[in-house]
Amino acid sequence: GNSVTQMEGPVTLSEEAFLTINCTYTATGYPSLFWYVQYPGEGLQLLLKATKADDKGSNKGFEATYRKETTSFHLEKGSVQVSDSAVYFCALSVSRAGSYQLTFGKGTKLSVIP
Amino acid sequence: DTGVSQDPRHKITKRGQNVTFRCDPISEHNRLYWYRQTLGQGPEFLTYFQNEAQLEKSRLLSDRFSAERPKGSFSTLEIQRTEQGDSAMYLCASSLLVAGVNTEAFFGQGTRLTVV
């Protein structure tokens, strides 16, 4: 089956620190990979995505590269801000019978302190 | 369009009661998904619709759960004879499938159900 494993939190960083949140996956078929973010009191928002091997998704200073050889999609940001405090979810989608349903990791809570 | 909206945002119910949640997707989206998220976990897929047709149901969707999308627009998720284990956040998402390409899924803010 499909599954996503991401590093457990919570993660606490000082402002301007470097962020890495690890994500690995197993999938039947060729998945698309996503990072979603959930800010306090809000719904899930797509942060970035990659649809094929070696693609790099980027948005708001965050980046993740689709590594097929290591089945990984690690999220990185060079300098985090207090406003980045949120829960981050790694997810995959495989077009199994056309459903495109998302399989999520458990989420990683990030707290950035001034 | 203001995005995907869900109603109510919060629901507290007694064990054994029935509850119904509503989801209004982005208007032009033909796909609608329901997910369930329990504390400390990521969302888990429950079911999805293509227009008004319910095409897949997860094994998580017991026979106490039923979902409809009668006119291919809004959807309802009903839970009958609620149990404490049903306490969770219920998320709705919508997307547009055109020519075999699915756009990103846009999520609502969810309905938080507490069964006491």
Side-chain angles (χ1 to χ4, degrees), chain A residues 1-11 21 23-25 27-52 55 57 59 73 75 86-109, chain B residues 2-7 9-10 23-26 29-51 53-61 67 88-112:
Chain A
N2 301 325
S3 68
V4 175
T5 302
Q6 60 182 104
M7 67 185 275
E8 294 191 13
V11 174
I21 301 177
C23 171
T24 57
Y25 67 90
T28 54
Y30 201 120
S32 295
L33 302 174
F34 306 84
W35 277 99
Y36 278 83
V37 59
Q38 189 171 35
Y39 297 104
E42 300 185 14
L44 286 166
Q45 301 174 24
L46 179 65
L47 180 60
L48 53 83
K49 70 177 182 181
T51 58
K52 60 182 187 294
D55 269 2
N59 186 24
F73 193 55
L75 182 69
V87 182
Y88 292 82
F89 293 93
C90 185
L92 67 82
S93 172
V94 179
S95 175
R96 182 179 65 85
S99 78
Y100 297 99
Q101 64 183 254
L102 290 160
T103 300
F104 287 88
K106 291 186 177 182
T108 303
K109 183 176 181 179
Chain B
T2 55
V4 179
S5 61
Q6 293 187 243
D7 183 69
R9 293 287 308 279
H10 303 275
C23 171
D24 286 88
I26 293 172
H29 283 184
N30 51 13
R31 288 219 157 176
L32 188 147
Y33 300 80
W34 285 99
Y35 291 83
R36 183 174 72 183
Q37 184 178 17
T38 53
L39 201 61
Q41 303 294 316
E44 296 173 291
F45 170 78
L46 292 179
T47 187
Y48 88 98
F49 292 83
Q50 171 81 24
N51 299 312
Q54 187 174 18
L55 297 186
E56 185 173 349
K57 292 191 282 188
S58 159
R59 65 182 186 282
L60 293 176
L61 212 67
M89 177 77 85
Y90 291 84
L91 298 169
C92 177
S94 70
S95 67
L96 179 65
L97 180 72
V98 175
V101 178
N102 200 38
T103 65
E104 69 172 277
F106 290 82
F107 282 81
Q109 291 183 295
T111 295
R112 181 170 295 283

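So that the names make sense, note that chain A is the first sequence line, chain B the second, and so on, each numbered from 1.
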Under a 4.5 Å heavy-atom cut-off, does chain A meet the side chain of B:Y35, its backbone, both or neither?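 Answer is side chain: those atoms of B:Y35 sit under 4.5 Å from chain A.
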Chain A contact via B:Q37 - which portion, at a heavy-atom distance below 4.5 Å: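 Only the side chain of B:Q37 comes within 4.5 Å of chain A.
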Could you give the distance from NZ (A:K49) to CD (B:E104), rounded to the nearest 0.5 Å?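 Going from the NZ atom of A:K49 to the CD atom of B:E104 covers 6.5 Å.
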Can you tell me how far apart OG (A:S93) and CG (B:N102) are? Round to the nearest 0.5 Å.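 Result: 7.0 Å between the selected atoms.
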Sort A:E8 into side chain, backbone, both or neither according to what part of it lies under 4.5 angstrom from a heavy atom of chain B.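 A:E8 has no heavy atom closer than 4.5 Å to chain B.
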Region of A:Y36 that comes under 4.5 Å of a non-hydrogen atom in chain B: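 Interface part for A:Y36: side chain.
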Sub-4.5 Å side-chain heavy-atom contact between A:L102 and B:F107: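 In short, these two side chains touch, coming nearer than 4.5 Å.
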B:P43 versus A:F89: any side-chain heavy-atom pair under 4.5 Å?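 Counting from C-beta outward, B:P43 and A:F89 do come under 4.5 Å.
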Which residue, B:L97, B:V101, B:T103, forms the side chain to side chain contact (heavy atoms under 4.5 Å, CB included) with A:Y100?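 Testing each of B:L97, B:V101, B:T103 against A:Y100, the sole residue satisfying side chain to side chain contact (heavy atoms under 4.5 Å, CB included) is B:L97.
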Can you give me the closest heavy-atom contact between A:Q101 and B:E56, atom names plus distance?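 Scanning both residues, the minimum pair turns out to be NE2-OE2, 3.1 Å.
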